[in-house]
Amino acid sequence: MSGARILVVEDNVINRRLVRDILEYRGHEVIEASTVHEGLSLIHGHTPDLVVLDIQIPGGGGEALLKEIRQDPQLSGLPVVAVTALAMRGDKERLLRAGFDRYISKPIDTRAFGPTLEACLDGRGKHHGA
Ligand code: MN
């Protein structure tokens, strides 16, 4: 699909800009947040098709935000992709078990990033006409 609305929740300005540039270049609309609270607010206000979620963000971390999303029946189909520099053995499994659709490790592979996210969008219900 093209033309998805993607929410990027990331507190690092440089990483956020990188992700935005990649996704906008691929024709997606990008909205940005840097904290759990801000992210939740944008999810409710702007109904994104997918959320890219940094694990280390202020306000409780990406896992806290994921928990809010997964507890809301109206957001049950929303794909959420974890992006993190965590590299401990077991982290990936823990995050997938927590309910993330995918796990992408930093530094981001700029070529694979877009296609990986788009794979998460395919086959999901779309909120917006493409
Ligand atoms: Mn961070």
Side-chain angles (χ1 to χ4, degrees):
M1 84 186 269
S2 62
R5 179 180 295 161
I6 299 177
L7 170 64
V8 178
V9 189
E10 161 70 77
D11 61 327
N12 180 286
V13 177
I14 293 171
N15 288 340
R16 209 164 63 227
R17 184 173 303 150
L18 173 66
V19 168
R20 184 184 66 203
D21 286 349
I22 293 170
L23 296 177
E24 285 185 345
Y25 180 78
R26 297 179 71 85
H28 301 297
E29 178 192 351
V30 176
I31 52 179
E32 300 177 26
S34 57
T35 67
V36 170
H37 180 77
E38 207 181 351
L40 205 53
S41 162
L42 287 185
I43 287 168
H44 289 297
H46 296 268
T47 57
D49 299 300
L50 182 143
V51 178
V52 177
L53 187 48
D54 177 28
I55 295 303
Q56 281 136 327
I57 51 170
E63 286 167 277
L65 178 50
L66 178 78
K67 199 174 171 189
E68 297 281 347
I69 293 169
R70 291 297 177 243
Q71 284 174 348
D72 185 338
Q74 289 200 304
L75 301 174
S76 60
L78 179 61
V80 184
V81 176
V83 179
T84 176
L86 288 176
M88 300 288 286
R89 190 175 175 81
D91 281 341
K92 180 176 181 176
E93 290 68 25
R94 179 172 55 80
L95 293 173
L96 294 176
R97 218 167 34 235
F100 285 98
D101 291 84
R102 263 182 190 269
Y103 169 97
I104 294 173
S105 52
K106 291 179 182 175
I108 289 167
D109 178 337
T110 54
R111 287 194 183 191
F113 189 73
T116 299
L117 295 190
E118 284 152 15
C120 292
L121 288 162
D122 291 339
R124 296 286 196 146
K126 274 196 291 179
H127 300 126
H128 313 283

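Quantities reported herein were computed from a predicted structural model and do not represent experimental measurements. We count ligands from 1, going down the list as the structure has it; atoms in each ligand are counted the same way.
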To the nearest 0.5 Å, what is the distance between [atom1] on [X] and [atom2] on [Y]?
X: Leu117; Y: His28; atom1: CG; atom2: NE2; answer: 7.5 Å
X: Glu32; Y: Arg17; atom1: CD; atom2: CZ; answer: 9.0 Å
X: Glu29; Y: Glu24; atom1: CD; atom2: CD; answer: 9.0 Å

Find out whether Val19 and Phe113 are in side-chain contact, i.e. whether some heavy atom of one side chain is under 4.5 Å from a heavy atom of the other.
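Touching, per the 4.5 Å side-chain cut-off.
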Less than 4.5 Å apart, side chain to side chain, heavy atoms only: is that true for Arg26 and Pro115?
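A side-chain contact exists here, since the closest heavy-atom pair is under 4.5 Å.
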Can you list the protein N, O or S atoms less than 2.8 Å from the Mn ion (ligand 1)?
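Near the Mn ion (ligand 1), the protein supplies Asp11 OD1, Asp54 OD2, Gln56 O.
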Partners of Lys106 by salt bridge (Lys or Arg N to Asp or Glu O under 4.0 Å), sequence neighbours excluded?
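Only Glu10, Asp54 meet the salt bridge (Lys or Arg N to Asp or Glu O under 4.0 Å) criterion with Lys106.
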